[in-house]
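Read the structure below first, then the notes.
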Amino acid sequence: MAEPYLSAADMRGGYGKADILNGCTLTVERGQIAVIVGPNGAGKSTAMKAVFGMLNLREGSVRLAGEDITQLTPQERVRKGMGFVPQTHNIFPTMTVEENLEMGAFIRDDDFRDTMEQVYTLFPAVAEKRKQNAGELSGGQRQQVAVGRALMTRPSLLMLDEPTAGVSPIVMDELFDRIIEVARTGISILMVEQNARQALEIADIGYVLVQGANRYTDTGQALLADPEVRRTFLGG
Amino acid sequence: MDILNALVAILNFVVIPAAAYGAQLALGALGVTLIYGILRFSNFAHGDTMAFGTALVILVTWGLQALGISLGPLPTALLALPIGIALTSVLVLGVDRAVYRFYRRKRSAPIILVMASVGVMFIMNGLTRLVIGVDEIRFDDGARFLISVQQFRAWTGLSEGLSLRVSQALTLVVTALACWALFRFLNRSRAGKAMRAYSDNEDLALLSGIDPERVVRLTWLIAAALAVTAGTLYGLDKSFKVFNYFQILLPIFAASIVGGLGNPLGAVAGGFIVAFSEVAVTYPWRKIAAYLGFETDGLLQLLSTEYKFAVSFVILIVVLLFRPTGLFRGKSV
């Protein structure tokens, strides 16, 4: 079997002395949506930050498209094709929507206007507000700007840290629809989600993390159907 | 005609001096606010950077004068200004490398950087005294007045006179040009947008591939250029004295905080607000009251000019109490 597009294997490490990740493994195929769920403090966001290089790994490796990128900084990983949307502080609030997207494309020397048009096509609501400061938009629209900013480098793997945190259920459904559209263009998605049930519904593969290690790994539908997972993590 | 005389007096004694002073404060406050936005500390050495740069401009001016080079009606200092800016930039970049970079790498708290800048302030102050001395220096040459009191009286036939000095007009023109260039740079250019992005969200700027050290260098260069320009205009308008440049730090800080720290537009507005308040509060209004028909024995001066710095203090306190983020919503202190 060919190597998966992203393969983060046996990751161990943390911020201080104690490890938060205890042998966590995440893989994503091209164009797949992978969702990480789990209880509070399970190390979901930490696992994603480790994949992005914001955390020093004591053990384990991260490989992207067959290349070992374990030692690269986050900035270098962006150039390798990773896009990251942090959970908070993920926009430039006093800059316009358009400027936010421009800054997303900062490392690109070529003409990025067509990418910008693609982002606007994907998010028509923010396209209307392109001259408005991003900080003045609603929560859902800010998330769209944040995702759009990360898409400007034309990443092959887009990582989203709780994209639906603090937005209304309607906006959440809308965001998930957009994420599916992004995945259809061939971009792999790795996403941490609090709204586990809804996120697993769109997931090609779901990871249930507990105490920094994989507890269950299966397709989203299979996890939703698993009575054990339902009882312990999805509230019945 | 009395109302006209009153208007001319207000223009001559309040509006023109306050506008020139406000423009000088605005240029200074722009530098402080940019440093705050990018490097995230209040630079106490800004006043003495102005003094040092102006001292260099004066030395170059003397050199040019000795060579017989002049700008005709305009002060020779204008020709020396670019050289002063270049030399000051070298010094400021050197200071950043020797002092601030160390604390930046350690991700020190802003207060530590502020204290470091106090140290830099003392050293720069000493350096300036060493280079040019502590005496008052006048270095404005060329024509003195654009409009003199006699000319104005002859033109209008009013008893009240009005004068507009070359240095005042020059201050306003240069400030307008500098602001126009700066705002254009910040809003249009890639490097300027990168600076704003870094000021908005440091981590996200880093993720977007913006090089923080380049942004920091650019910020120091712009701040140095603004500081030397402000210092030279202030020196041309009044006179050069090292100690005055140390003192002007307070109204400059007041201006940038009133406008909202980190907000360039606010810094400009803040400069004029502080200058107009200072001049309006310390000006004796008796003459103007008399023109309007109110004869009094008092001077109608709210505050003696020796206490003009109290105005900055009061503005600072009021803003910090009621609107800590400033009029234009900068970062809170």
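Note on naming: letters A, B, ... go to the chains in the order of the sequence lines (proteins, then strands), and numbering restarts at 1 for each one.
Annotation: B:Asn187, atom CG; neighbour count of heavy atoms from other residues, nucleotides and ligands within 6.0 Å is above 12. Other residues, nucleotides and ligands contribute over 12 non-hydrogen atoms within 6.0 Å of the CD atom of B:Glu213. More than 12 heavy atoms of other residues, nucleotides or ligands shown are found within 6.0 angstrom of CZ on B:Arg323. Within 6.0 Å of the CG atom in A:Asp111, the count of heavy atoms belonging to other residues, nucleotides or ligands exceeds 12. Within 6.0 Å of CZ in A:Phe176 there are more than 12 heavy atoms belonging to other residues, nucleotides or ligands. Annotation: B:Phe313, atom CZ; neighbour count of heavy atoms from other residues, nucleotides and ligands within 6.0 Å does not exceed 12. Counting non-hydrogen atoms of neighbouring residues, nucleotides and ligands closer than 6.0 angstrom, the CZ atom of B:Arg97 reaches no more than 12 such neighbours.
Contacts classified as ring pair (Phe, Tyr, Trp, His ring centres under 6.0 Å) and involving residues 64-86 of chain A (residues at least two apart or in different chains) are given here: A:Phe52-A:Phe84.
Comparing A:Thr96, A:Asn90, A:Thr153, A:Asn100 by how many heavy-atom pairs each has under 4.5 Å with chain B, the most go to A:Asn90. Highest contact tally toward chain A, considering only B:Ala194, B:Gly209, B:Ala197, is held by B:Ala197 [criterion: heavy-atom pairs under 4.5 Å]. For chain B, the option among A:Glu76, A:Met152, A:Glu99 with the highest count of heavy-atom pairs below 4.5 Å is A:Glu99.
With a 4.5 angstrom heavy-atom cutoff, A:Arg77 does not touch chain B via any of its atoms. For A:Glu102, the part sitting under 4.5 Å from any heavy atom of chain B is the side chain, from C-beta outward, and nothing else. Heavy-atom distances place both the backbone and the side chain of A:Pro93 under 4.5 Å from chain B.
A:Phe106 CZ to B:Asp211 CG: the interatomic distance, rounded to the nearest 0.5 Å, is 8.5 Å. Residue A:Met95 holds its CE atom at 11.0 Å from CG of B:Asn201, rounded to the nearest 0.5 Å.
By the 4.5 Å heavy-atom criterion applied to side chains, B:Leu204 and A:His89 are not counted as neighbours.
Checked by atom type, the side-chain pair B:Arg196/A:Thr94 shows no donor-acceptor distance below 3.5 Å.
Annotation for A:Pro86 and B:Leu207: closest pair CG-CD1, 4.3 Å, computed over non-hydrogen atoms.
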